[in-house]
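Every heavy atom of this structure was used, including side-chain atoms; hydrogens, water molecules and symmetry mates were not. A, B, ... follow the sequence lines: proteins, then strands. Residue 1 opens every chain.
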Amino acid sequence: MICNESDLVHSRTSLSYTGGRRGIEDIIRKLFDEEAQEYDFDGYISARFLVNCHGKPGRLRIEPMDDGFLEQAAPEELMELVRKSVMALDQWVVIKPANEGKDHSKYLIFKIRRGEIDAITH
Amino acid sequence: MRLHTNTFFLWLLGFGLFFSLNISAQGNCEAMAEGSKERLACEYGRKAITHKQGSKASQLLFDSAIAVNPGYAWAWFEKSIPYLKRGMLTRGMTLLNNAVELDPLSYLCYRAYWYFQHKSYAYCSADLERYYAMEGAYTQNTPGGALDMRIVLGINYAHLGANDKAIEQVRMVITSYPTEDHAGPYDFHTLGVLYLNNGQYEEAREALRKSIQRNEQFADTWYYLAELAIQTGDLKAAKEYLAEALIRYEGEKNGYTGYPFCFPVSKEIVENRLKELQGR
């Protein structure tokens, strides 16, 4: 999945998504709305992943947290929904010319209130 | 020649400030007793910052510093930074919590910054209120330097739904400066948006205008002037402000956006607003 393991970019400003932040939110919120499940969870779920040189996500790791960003458990179905949403984001674009063609590490932080998405931060 | 000399002194001043901040944060290794755990840890730390932040070499040297002197708050803090920047929040926060526990005066604001960044507003307020109640609390800015953390606390109150408290906080900060010229690039913008959201339109107008006088390139302020004009029924002015915002987003005039802390706007939002107003 990864194009060149030895040259991974960690910059927070090198990668963008087709349609911007709004593009990311639209895709994720749509998946959450379709699910229409109620989860008993307040807190955060962080999603860290790699975006390869073709703009596709992979090697996803997710972690549920409380409001102080320390570990706490979340319902498995909610974790699965976060996994599914992040893997649906397959149109990443490199905006720093020097990093074109390189793999990137990326994260999204889901703020969740009563099982619903309150915000997604980067 | 005169310009050259001034530039040189500015450079010297900048360097001096950087140097002194760096020393005060890490501690001056030479001032510590030779052979002491503090001295040894300090030297590990000094080596660590010669490597790229977040590199394995740098992180391992911070580990050594912490192993020798677990009471070394700065090493915990420095080790936490790359984790927080890369979204490994639990790992980063666990490390940073140690720094805060050891030296709250130095690290509470930095922790509050991360809580704010990810919209954990109750935690952010708790840290900042604790900080400003401490003896010896001094003025700290966001890591980028653009906002006084007391302004961040004000914005944070607004996110928690306490608009009046937010306005009072931001006003208090602005009036604490020797003159209004000392205000930061987003202080009046923030105050204006808070007034606008609170329905205090005259006060909003005054603050947003002051913001434009100081920082006319910031496209978001033009957008909020348009929102204010809409609220007060002046659609013609609203369209003009939106057009002004748009040319600053598009670079036709010098302009920028993307400052994430004080109620950010995007080009898309402005375009949609303009469309809504067409024909009205």
So, the part of A:Ser46 with a heavy atom under 4.5 Å from chain B: the answer is side chain
One option among A:Gly68, A:Ala47, A:Ser105 has the most heavy-atom pairs under 4.5 Å with chain B, and it is A:Gly68
Max heavy-atom pairs within cutoff under 4.5 Å with chain A, candidates B:His118, B:Lys85, B:Arg91, goes to B:His118
**Asked** Does A:Arg59 make a cation-pi contact with A:Phe49, if we ask for NZ or CZ under 6.0 Å from the ring centre and within 45° of the axis?
**Response** no
Cut-off 4.5 Å, heavy atoms of chain B, and the answer for A:Arg21 is neither
Exactly one candidate in A:Lys30, A:Glu77, A:Lys84 meets side-chain contact (heavy atoms from CB on, under 4.5 Å) with A:Glu35; the answer is A:Lys84
- Is a side-chain donor or acceptor of A:Arg114 paired with a backbone partner of A:Tyr39 at a separation under 3.5 angstrom? no
Under 4.5 Å to a heavy atom of chain A? For B:Gln117 that would be both
Residue set satisfying side-chain contact (heavy atoms from CB on, under 4.5 Å) with A:Ile95, at least two apart, ordered chain then number -> A:Ser16
Honestly, the part of A:Tyr107 sitting under 4.5 Å from a heavy atom of chain B is side chain
* Can you find a pair of side-chain heavy atoms, one from B:Tyr113 and one from B:Phe261, that are under 4.5 Å apart? -> yes
query: Taking NZ, NE, NH1 and NH2 as the nitrogens, is one of them in A:Glu80 or A:Arg83 under 4.0 Å from a carboxylate oxygen of the other?
result: yes
Turns out that what part of B:Tyr123 lies under 4.5 Å from chain A's heavy atoms comes down to side chain
Okay, B:Leu84 and chain A: the region with an atom under 4.5 Å from a heavy atom over there is backbone
Okay, A:Glu63 and chain B: the region with an atom under 4.5 Å from a heavy atom over there is side chain
